[in-house]
Amino acid sequence: KLYTGDCNGKRFTTQEEFDSYISEYNSVFVKVLKKHGAEIIKTAEIFEDTPIEKWRFDEVHMTPFGNDLLFDVVCKKIF
């Protein structure tokens, strides 16, 4: 689904524009995480086999199911 809102002050009109921007953003984010030795959790991989309407409430917030799914992954990394 096309992200139709603003992201960091930018508005996107195509999915390709949004995907390209997010790809750039994520690569910088990963560099910062690695620099500081932080654990990387690739959320796209967590949700890739789950229909978006099941785990995401809107363009920002997760459903209770999505929160539980992410929580389980985070707990496995911590404990």
Side-chain angles (χ1 to χ4, degrees):
K1 176 183 172 196
L2 174 65
Y3 178 87
T4 56
D6 291 327
C7 179
N8 294 335
K10 295 179 177 246
R11 181 162 291 274
F12 300 94
T13 57
T14 68
Q15 187 68 50
E16 291 77 23
E17 286 177 346
F18 177 72
D19 291 346
S20 175
Y21 177 78
I22 291 302
S23 179
E24 266 184 67
Y25 179 88
N26 285 344
S27 68
V28 171
F29 192 66
V30 167
K31 286 178 188 175
V32 171
L33 291 172
K34 286 181 178 180
K35 177 181 175 183
H36 295 284
E39 183 73 34
I40 298 170
I41 298 174
K42 296 182 178 181
T43 53
E45 293 174 6
I46 296 169
F47 300 112
E48 69 185 350
D49 295 327
T50 306
I52 197 167
E53 60 275 358
K54 188 170 181 176
W55 66 267
R56 198 169 81 180
F57 175 74
D58 57 21
E59 294 175 350
V60 176
H61 303 96
M62 287 188 254
T63 62
F65 175 83
N67 285 318
D68 288 345
L69 195 56
L70 181 58
F71 176 78
D72 289 343
V73 171
V74 170
C75 283
K76 287 177 186 172
K77 295 277 187 184
I78 294 172
F79 302 109

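Atom CG of residue N26 and atom OH of residue Y21 lie 10.0 Å apart, to the nearest 0.5 angstrom. Taken from CZ in F18 to OG in S23, the straight-line distance is 11.0 Å, to the nearest 0.5 Å. Once rounded to the nearest 0.5 Å, the distance linking OG1 of T43 with CD of E48 reads 10.5 Å. In this structure, CD1 in I22 is found 12.5 Å from CD in E17, a value given to the nearest 0.5 Å. L70 contributes atom CG, which lies 6.5 Å from atom CD1 of I41 (distance to the nearest 0.5 angstrom).
Under the 4.5 Å side-chain heavy-atom criterion for grouping Ile, Leu, Val, Met, Phe, Trp and Tyr, I52 is connected to F65 within one hydrophobic cluster. Linking Ile, Leu, Val, Met, Phe, Trp and Tyr residues whenever their side-chain heavy atoms come within less than 4.5 Å leaves L69 and F57 in two separate clusters. Under the 4.5 Å side-chain heavy-atom criterion for grouping Ile, Leu, Val, Met, Phe, Trp and Tyr, F71 is not connected to F47 through any hydrophobic cluster. Linking ILVMFWY residues whenever their side-chain heavy atoms come closer than 4.5 Å, directly or via other members, places I40 and F29 in the same cluster.
Counting only residues at least two apart or in different chains, salt bridge (Lys or Arg N to Asp or Glu O under 4.0 Å) contacts with residues 28-47 comprise E39-K77.
Of all the heavy atoms in T63 and R56, the pair that sits closest is CG2-C, 3.6 Å.
Take K76 and apply the salt bridge (charged side-chain N to carboxylate O under 4.0 Å, His left out) test, not counting sequence neighbours, and it matches no residue.
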